[in-house]
J.: 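The structure that follows is given in the form of structure tokens.
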Amino acid sequence: MSTPRPLIAGNWKMNGLAASLGEVRALIGALEDRSPGCRVAICPPATLLERLACSATGSALEVGGQDCRAETTGAFTGDVSAEMLRDCGANLVILGHSERRAGYGESNSVVASKVEAALMAGLEPIVCVGESLTEREAGTALSVVTSQVRGSLPAVLAGRIFAVAYEPVWAIGTGLTPTIEQIEEMHRAIRETLTQMFGEAGRVPPILYGGSVKPSNASEILGACEVGGALVGGASLKAVDFLGIISAA
Ligand code: PEP
């Protein structure tokens, strides 16, 4: 089993209008010049997905959704299915982001059903886990995160291509980051959980780190043990910042 290339994925959240496609064109141009040793993806809001995917056709840039509904069709106003994301040109989808878990009450089992739907549609899931500040301060971060991993990753993932993103909730959009020791401790615990769940195949999926990654800290974070890439929010909105992170991978 070969180690996959690191994955650097940008989560634009609810940011971006048609004018933002200029950033994507700048990013694609730079990727052509540099041919980085990592995979690069942007997960725009659903409104930009198809246009972004069209711009990225034939380039090294991959495209992902930020969430999907577990059901394939039906009366779910405002939601999108995994198949719809695929139909727009996405090959990845972020699932279980803490903003979805906290803001929409998404439980581990809801996330697990979305993962199954993503696989059925041919999408590669990036499954997010991470503890709150209260949990970190209470000394329960490891048990919270490993139980999120167990509950959010269905057995059907065995041997499939997916990624886990460790995103401490208190580090998202705050400028705060855990120490490298804390990141390595958590990534090792996630890897051990993956191997308990999936055997040798559990050594393959990249474990991304997310939470205030920027060009100035990317190299140290991406160099940490068991860090197989990054999920980047704010610093993915501008091509120049995102490229600074990509260069560090
Ligand atoms: C995120 O929302 O997934 C994230 C990591 O955000 P930021 O990089 O802005 O902290």
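Ligands are counted one by one from 1 in listed order, and the atoms in each one are counted from 1 as well. No experiment lies behind these values; they were computed from the predicted model shown.
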J.: Give the minimum heavy-atom separation between V63 and G89, together with the two atoms involved.
T.: CB-O, 4.2 Å
J.: Can you list the ligand 1 atoms lying under 4.0 Å from a non-hydrogen atom of G234?
T.: 7 (P), 8 (O), 9 (O)
J.: Evaluate whether atom CE of M197 has more than 12 neighbouring non-hydrogen atoms of other residues, nucleotides or ligands under 6.0 angstrom away.
T.: yes
J.: Do S132 and E135 pair up side chain to side chain, a donor and an acceptor below 3.5 Å, judged on atom types alone?
T.: yes
J.: Just by distance, do the side chain of Q66 and the backbone of P44 share a donor-acceptor pair under 3.5 Å?
T.: yes
J.: Counting from 1, what ligand 1 atoms have a heavy atom of I172 closer than 4.0 Å?
T.: 1 (C), 2 (O), 4 (C), 6 (O), 10 (O)
J.: Which atoms of ligand 1 sit under 4.0 Å from any heavy atom of N11?
T.: 2 (O), 3 (O)
J.: Looking at R101, R69, K114, which hits salt bridge (charged side-chain N to carboxylate O under 4.0 Å, His left out) with E106?
T.: K114
J.: Using distance alone, decide if ligand 1 has a nitrogen or oxygen within less than 3.5 Å of any nitrogen or oxygen in A235.
T.: no
J.: Would you call R39-E124 a salt bridge at under 4.0 Å N-O?
T.: yes
J.: Can you find an N or O of V232 that's nearer than 3.5 Å to an N or O of ligand 1?
T.: no
J.: Which of these, E99, E167, Q66, has its nearest heavy atom closest to atom 3 (O) of ligand 1?
T.: E167
J.: By the definition side chain to side chain donor-acceptor pair (under 3.5 Å), identify the one residue from R191, H187, R188 that meets it with E226.
T.: R191
J.: Charged N to carboxylate O under 4.0 angstrom, R203 versus E200?
T.: yes
J.: Would you mind running through ligand 1 and noting each atom that sits below 4.0 Å from a heavy atom of H97?
T.: 1 (C), 2 (O), 3 (O)
J.: Looking only at distance, does K13 have an N or O less than 3.5 Å from an N or O of ligand 1?
T.: yes
J.: Tell me whether the count of non-hydrogen atoms from other residues, nucleotides or ligands lying under 6.0 Å of CD in E220 goes above 12.
T.: no
J.: For atom 4 (C) of ligand 1, which candidate among G233, S236, G175 holds the nearest heavy atom?
T.: G233
J.: Report, in ascending order of atom number, the atoms of ligand 1 lying under 4.0 Å from any heavy atom of S212.
T.: 7 (P), 8 (O), 10 (O)
J.: If you measure from each non-hydrogen atom of A171 to ligand 1, which part falls under 4.0 Å: side chain, backbone, both or neither?
T.: backbone
J.: What I want to know is whether G173 and ligand 1 share at least one N or O pair that is separated by under 3.5 angstrom.
T.: yes
J.: Mark up the atoms of ligand 1 that fall under 4.0 Å of a heavy atom belonging to G211, in ascending order.
T.: 5 (C), 10 (O)
